[in-house]
**Q** 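Following this message is one structure expressed as structure tokens.
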Amino acid sequence: MLKTPDTTLLRTVGEERAALNVIGGRMVGAQSGARIEVACPSDGKVFASVPQSGEVDVDAAVRSARQAFETGPWSRMTAAERGRILSRLSALVEVHADELAALESRDTGKPARQGVADVTAAIRYYEYYGGAADKAHGDQIPFLDGYTAFTSREPHGVVAGIIPWNYPLQILARVAGAALAMGNTLVIKPAEDASLTSLRIADLALEAGCPAGVFNVVTGYGGEAGAALSAHPGVDYVTFTGSTGTGTAIQQAAALNNRGVTMELGGKSPQILFADADLDAALPVVVNAIIQNGGQTCSAGSRLLVEKPIHDEVMAALARSFSALVAEPHHADGDLGPLINARQAERVAAMIEAAEKDGAEIVAQGSVADDAPEGGHYRAPVLFGGVDPLSQLAQEEVFGPVLAAFSFEGEEEAVRLANGTQYGLVAGVWTRDGGRQHRVARRIRAGQVYVNAYGAGGGVELPFGGFGRSGHGREKGFEALYDMSATKTTVFRHI
Ligand code: NAP
Ligand code: MG
């Protein structure tokens, strides 16, 4: 039996907990009393529950965010004061780092060290945006004689953030850090599969001095609470990270209210290995880029393009690495954990089966630990070779530990294949040739291009976002502050 809701929220990990929404600075259940059970992906066992919020709960959260934006102390604070609250939140996340890392790892099944990496990035996001809050200012513009003109950066108002289950701590931090730094108020809808750390962070934000109503979190199903939030007329801006299909639905809802959106919709990101690449440096990064978080990463390096002269050598080396990979429960801190839920595990299995039917060859696969609990959602990592660049495996996001490798000849073909999907989120280019590094990096259509690297240290400072079906708008870095505000131009005539 689950415990009845308590007002201390989630202060411990390891016992069944009934978590509550954070609305208007108070911890409350869904008005209907309905709850969603929270299971650990490593064993499928229920260990907590969250409110199954509906339209009324979302409405209460949006109203409290609106009130806090228009009348509360938040609207009178200086940018420096807002920054100080974010810095305090960063410090509090650090104080509670072990608890948050363990909770995230248990809720999502990610290996323990990935939970720690996610908390470390979250600490850095709140620190970064705390420091940036009073530095995102406008310009004075030379204009007509007898006039003074300047721009200022105004908050949108109430920002709705719809967060996925793969990196809740990190994605919440990049959304909340930038939105709060610019003076917006927030209503967050985390994914029903991984809501616990978002609730805990909203609790810590109150402790850090965030006024009531500034940082609200409502949990529930996407089609219910998420849809109600994205259609709510009281929301001024929506930021979404997740699947392309859900992103389309959210943009359609936003269009009915003519409001702005940031869309971060995943990718099919290539890593290109030229024949002169430093393979000792490249190959461990190539493997990690597809198994990190079980491949459930929007920026996963899910396509590998290998130049012909080194193709066989690279595939043989990767086959050895893949064969040794083991999926284990989160607490074993193995190469990878389970996938988030049964649906995702089935989806990955179906895509592997379809790829084989399409003629792709399984070059190597890892294993699932013998003692992995029956109820967990494990999938062994798979390395595919000889993939048809137009097949589903080459074109669509698997969101699992599945790497699709192809060969190419020369720069032209490398660029054509790299740009040959509808996505454009991240790319990696591996070559020692300086001219080629610049030529290829420049021609790749992606929000981030890494040369002789792939992803780096969380990338809090680095603007991030997509081209094409990977979405639009930019998160992370200073650039996110522009998405989270609107420019106002003020003109004075000297009469
Ligand atoms: P999803 O549907 O895009 O979920 C992302 C978020 O949107 C969750 O909070 C979800 O809530 C919410 N949501 C779902 N339907 C909604 C609606 N109609 N209106 C408003 N919000 C809604 O992703 P998913 O179904 O969990 O995963 C499916 C696929 O999405 C994956 O296989 C992967 O390809 C992709 N994905 C990409 C990312 C990324 O970082 N780019 C992250 C996650 C998933 P609930 O989860 O509570 O329903
Ligand atoms: Mg969970």
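Quantities reported herein were computed from a predicted structural model and do not represent experimental measurements. Each ligand, and each atom within it, is numbered from 1 in the order the structure gives. The residues of the chain are indexed from 1 along the displayed sequence.
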**Q** Looking at ligand 1, does Y167 have a heavy atom less than 4.0 Å from it?
**A** no
**Q** So if I count the atoms of ligand 1 from 1 in the order they appear, which ones are less than 4.0 Å from some heavy atom of A191?
**A** 8 (C), 9 (O), 46 (O), 47 (O)
**Q** Measuring from the heavy atoms of Q296, does anything fall under 4.0 Å of ligand 1?
**A** no
**Q** Check ligand 1 against F240 and write out every atom of the ligand that is under 4.0 Å from a heavy-atom position of the residue.
**A** 3 (O), 5 (C), 6 (C), 7 (O)
**Q** G220 near ligand 1, heavy-atom distance under 4.0 Å?
**A** yes
**Q** Regarding ligand 1, does Y221 bring an N or O atom to under 3.5 Å of one of the ligand's N or O atoms?
**A** no
**Q** Could you check whether R259 pairs with D236 (Lys NZ or Arg NE/NH1/NH2 to Asp/Glu carboxylate O, under 4.0 Å)?
**A** no
**Q** Run the numbers for me: atoms of ligand 1, each under 4.0 Å from some heavy atom of I163, listed by number.
**A** 6 (C), 8 (C), 9 (O)
**Q** Can you sort out which atoms of ligand 1 are near P164, meaning under 4.0 Å from one of its heavy atoms?
**A** 42 (C), 43 (C)
**Q** When you check the gap from the basic side-chain N to the acidic O, do R343 and E346 get nearer than 4.0 Å?
**A** no
**Q** Can you see whether Y482 has R474 sitting over its ring - NZ or CZ less than 6.0 Å from the centre and within 45° of the normal?
**A** no
**Q** What atoms in ligand 1 come closer than 4.0 Å to a heavy atom of R347?
**A** 32 (O), 34 (O)
**Q** State the atoms of ligand 1, each with its element, that fall below the 4.0 Å cut-off from a heavy-atom position in T241.
**A** 5 (C), 40 (O)
**Q** As an exercise, state the distance from CZ of F384 to CG of L393, rounded to the nearest 0.5 Å.
**A** 6.0 Å
**Q** If you measure from CD on E328 to CG on D335, what distance do you get to the nearest 0.5 Å?
**A** 7.0 Å
**Q** Just to confirm my output: which protein heavy-atom neighbour is closest to atom 30 (O) of ligand 1, and how far is it?
**A** S243 CB, 2.9 Å
**Q** If the cut-off is 4.0 Å to any non-hydrogen atom of G226, which atoms of ligand 1 fall inside it?
**A** 19 (N), 20 (C), 21 (N)
**Q** Do K110 and Y167 meet the cation-pi criteria used here (NZ or CZ under 6.0 Å from the six-membered ring centre, within 45° of the axis)?
**A** yes
**Q** If we set the cut-off at 4.0 Å for heavy atoms, which region of R343 has an atom near ligand 1: side chain, backbone, both, or neither?
**A** side chain
**Q** Would you verify whether the NZ or CZ of K476 falls within 45 degrees of the ring axis of F464 while also being under 6.0 Å from that six-membered ring's centre?
**A** yes
**Q** Under 3.5 Å, N or O to N or O, is G222 touching ligand 1 that way?
**A** yes
**Q** Check contact between L265 and ligand 1, using heavy atoms of the residue and a distance below 4.0 angstrom.
**A** yes
**Q** So, does P190 sit close enough to ligand 1 that a heavy atom of it is under 4.0 Å from the ligand?
**A** yes
**Q** Do protein heavy atoms approach atom 32 (O) of ligand 1 to less than 4.0 Å?
**A** yes
**Q** Does T219 offer a backbone N or O that forms a donor-acceptor pair with the side chain of N21 under 3.5 Å?
**A** yes
**Q** Do other residues, nucleotides or ligands put more than 12 heavy atoms under 6.0 Å from E55 CD?
**A** no
**Q** Between E475 and R174, is there a side-chain N and carboxylate O pair less than 4.0 Å apart?
**A** yes
**Q** Should you measure from each heavy atom of E397, which atoms of ligand 1 turn up under 4.0 Å away?
**A** 33 (C), 34 (O), 35 (C)
**Q** Are R379 and F399 in a cation-pi contact, defined as NZ or CZ under 6.0 Å from the six-membered ring centre and within 45° of the axis?
**A** no
